[in-house]
Amino acid sequence: MQHITITTSPRTDPFAEFERADREVQQWATALVRAVVRCCRRPAAADDVAIGVVIDVLALPLAAQLRLIDEYPDPMAYARLVVGRALVDHDRTERVQQCRGARLFTDADGTVQPGRTWAYGDAPVGHGGESLFDLMVSDADVATEVVDRLDTDRLLDALLDGLDDDERWLLTRVDGLGQQINDIAGEYGVVRETLSKRLSKIRARVQINRERMETDGVIPTTVTETPALATAGSARHGRSM
Amino acid sequence: MSARHARVRLRYRPASDVLSGEIELGTLAADDRVVESTDSDVHLEWRPGLAADGLLLSAFQLVHASALIDSAAAQRLPRHVVELSRQLIRSGAGALRPGASAIEQVQARADAEAHLTVQQLLRPADQPDPRTPPTATPADADQARRVAAAIEHLVSTIERLPGADDDLHRTVEFVRLARELAAVLRDRPGATAPGTAAAARRAARGGLPLCATERSRLRWALEAVDDASAWPRAVDALTALTADLDRDGRLAR
């Protein structure tokens, strides 16, 4: 008679497995908060940025969270990867909420500053230091402190002359509201480069309008940079979109 | 904020043990900002006082705050701020609800607000001016890597000791903190991590599969990690402890 040996694998308790995975995720997430805070080194922003980064992770399905932990067992490595973009997003959100426009770039030393204000829609109006996009995103009375609302609308119209509604909306989303070009490209179902090229043409058109307005004396001449310098500046800052 | 008072706002995240604070100094201080970030766990920002001689605290963040607040590293903060922070940390633990989801745990927080006088926000007189360059030569990246490697070697040895499962929670907590310490030291070479080291020492108090002498040696070595100039001694101590644990034939292979 033939002997048959049957071996069985030990039974695993699915609930215990889930609890173990959940605990592992929780420990990694709390360590990630600390890691992001260490990377940020900006007390005013660090807490918000850290919680935002961790919630993005915790919103993923459990399997995706575990894959992430597997890929980045050291939370510091993941924090280093995401914190730059998270800081820029945080600052953009704050600027938009404060009606201050949204185009920002992170400098090499970690400070954040408005980007290329001379070239595009986010251009200074007069001597108040405010910008057209500041006024455009703001429905509050802040606009009247700088320039009369009608003047603002007129200036904005002149600046965006020749652009159709879609082009104005695209420029507003990217330069005014600080949305990511990758996200918008995904929404339209096109690749990033397609939108980038379109945006470059729109910005070039705005620049021509701006130069014409300066020549006509409609807005004061504030350009001190040459386009070549601005291009170098953009390469230095890196495009955050 | 009154003429001589500033509003202090503190926020504590008990799950991650991070405390941050902002002080609205307004016209009490100049706009210049002096950033003091000599280690990985304490970040302080000061502004030269206009209403008083000296630097006034304008913002800070502490990582592993509950362990750090009683350590020497916290003495760089004004005493009143330390006291406020200590109270918030003590009460903040209550914000953690048992059985809460991971998101709820991470988001749990305790806030505090107080008005302190300019004098209460002054940098302690016995602390060196952060604007003067440090006299000690910073430890190099190689030393940081050696300390981190020694910690990781010790941790993996402790994990394999018989009895490590007896009080699994304590062992896991220590191992997690020690690994974090190694990662932080490696991440920013030359910078210490007094908060993480203090948290690891606290976790090494009991429940580990070590005898009292071994625990004491472990805690001494972790104390040496707080001083970058003592890192060679810390490496020796950690390596010797690992070798002794290994030599005793106690490892569960």
Side-chain angles (χ1 to χ4, degrees), chain A residues 15-16 18-62 64-66 68-69 72-81 83 87 90 94 109-112, chain B residues 9-24 33 35-37 39-45 57-65 96 100-109 111 148 152 169 172-173 175-177 179-180 182-188 191 193 195-196 199:
Chain A
F15 292 107
F18 176 80
E19 272 184 13
R20 189 195 56 74
D22 196 43
R23 203 165 43 241
E24 190 181 342
V25 167
Q26 192 159 322
Q27 285 171 355
W28 191 84
T30 54
L32 181 60
V33 172
R34 291 192 288 270
V36 173
V37 167
R38 284 190 184 104
C39 292
C40 275
R41 311 197 77 78
R42 275 173 51 193
D47 182 72
D48 284 344
V49 170
I51 297 301
V53 165
V54 173
I55 285 177
D56 282 351
V57 171
L58 292 177
L60 297 170
L62 183 61
Q65 292 172 6
L66 293 173
L68 195 65
I69 295 173
Y72 300 97
D74 175 8
M76 284 299 287
Y78 185 70
R80 289 261 174 251
L81 190 74
V83 82
L87 263 174
H90 172 268
E94 277 214 324
D109 64 356
T111 57
V112 176
Chain B
R9 285 182 301 172
L10 303 179
R11 176 173 295 176
Y12 178 57
R13 300 276 181 189
S16 46
D17 199 10
V18 172
L19 176 76
S20 54
E22 281 185 87
I23 296 100
E24 292 178 12
R33 208 167 51 116
V35 175
E36 185 181 6
S37 183
D39 63 62
S40 297
D41 291 340
V42 183
H43 178 88
L44 309 176
E45 289 182 10
L57 184 69
S58 64
F60 69 97
Q61 64 192 28
L62 307 178
V63 179
H64 285 294
L96 278 180
S101 69
I103 286 188
E104 287 170 329
Q105 297 269 357
V106 166
Q107 284 182 311
R109 74 183 209 205
D111 293 286
E152 275 172 352
H169 173 70
V172 166
E173 189 188 358
V175 164
R176 189 168 50 81
L177 288 165
R179 289 221 162 99
E180 183 176 331
V184 173
L185 293 175
R186 198 181 283 119
D187 181 71
R188 200 176 149 202
T196 318

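Note on naming: letters A, B, ... go to the chains in the order of the sequence lines (proteins, then strands), and numbering restarts at 1 for each one. The model shown is predicted, which means the values in this text are computed figures rather than measured ones.
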Residues that B:Ala183 engages under side-chain contact (heavy atoms from CB on, under 4.5 Å), provided they are two or more places apart:
A:Asp74

What residue in A:Ala59, A:Ala44, A:Pro43, A:Pro75 has the most heavy-atom pairs under 4.5 Å with chain B?
A:Pro43

Counting heavy-atom pairs under 4.5 Å with chain A, which one of B:Arg9, B:Arg176, B:Glu22 comes out on top?
B:Arg176

Which bit of B:Val106 is near chain A, if near means a heavy-atom gap under 4.5 Å: side chain, backbone, both or neither?
both

In terms of heavy-atom contacts, A:Ala50 and A:Val36 come closest through CA-CG1, 3.5 Å

Counting heavy-atom pairs under 4.5 angstrom with chain A, the leader among B:Arg109, B:His64, B:Gln107, B:Gln105 is B:His64

Might you work through the side-chain contact (heavy atoms from CB on, under 4.5 Å) test for B:Thr196 and A:Arg38, ending with a clear yes or no?
CA-CA 12 Å; B:Thr196 318; A:Arg38 284 190 184 104; 2.8 Å; yes

For B:Arg188 against B:Asp39, the heavy-atom pair lying closest together:
NH1-O, 2.9 Å

Heavy-atom cut-off 4.5 Å, strictly under: side chain, backbone, both or neither for A:Val37 against chain B?
both

Can you say whether B:Ser37 sits under 4.5 Å from chain A via the side chain, the backbone, both, or neither, judging by heavy atoms?
both

Of the backbone (N, CA, C, O) and the side chain (C-beta and beyond), which part of B:Arg13 lies under 4.5 Å from a heavy atom of chain A, both, or neither?
side chain

Residue list, side-chain hydrogen bond (donor to acceptor under 3.5 Å, both in side chains) with B:Arg186, at least two apart or on another chain
B:Glu152

Please classify the contact of A:Arg80 with chain B as side chain, backbone, both or neither, using a heavy-atom distance under 4.5 Å.
side chain

Between the side chain of B:Ser40 and the main-chain N/O of B:Ala193, is any donor-acceptor distance below 3.5 Å?
no

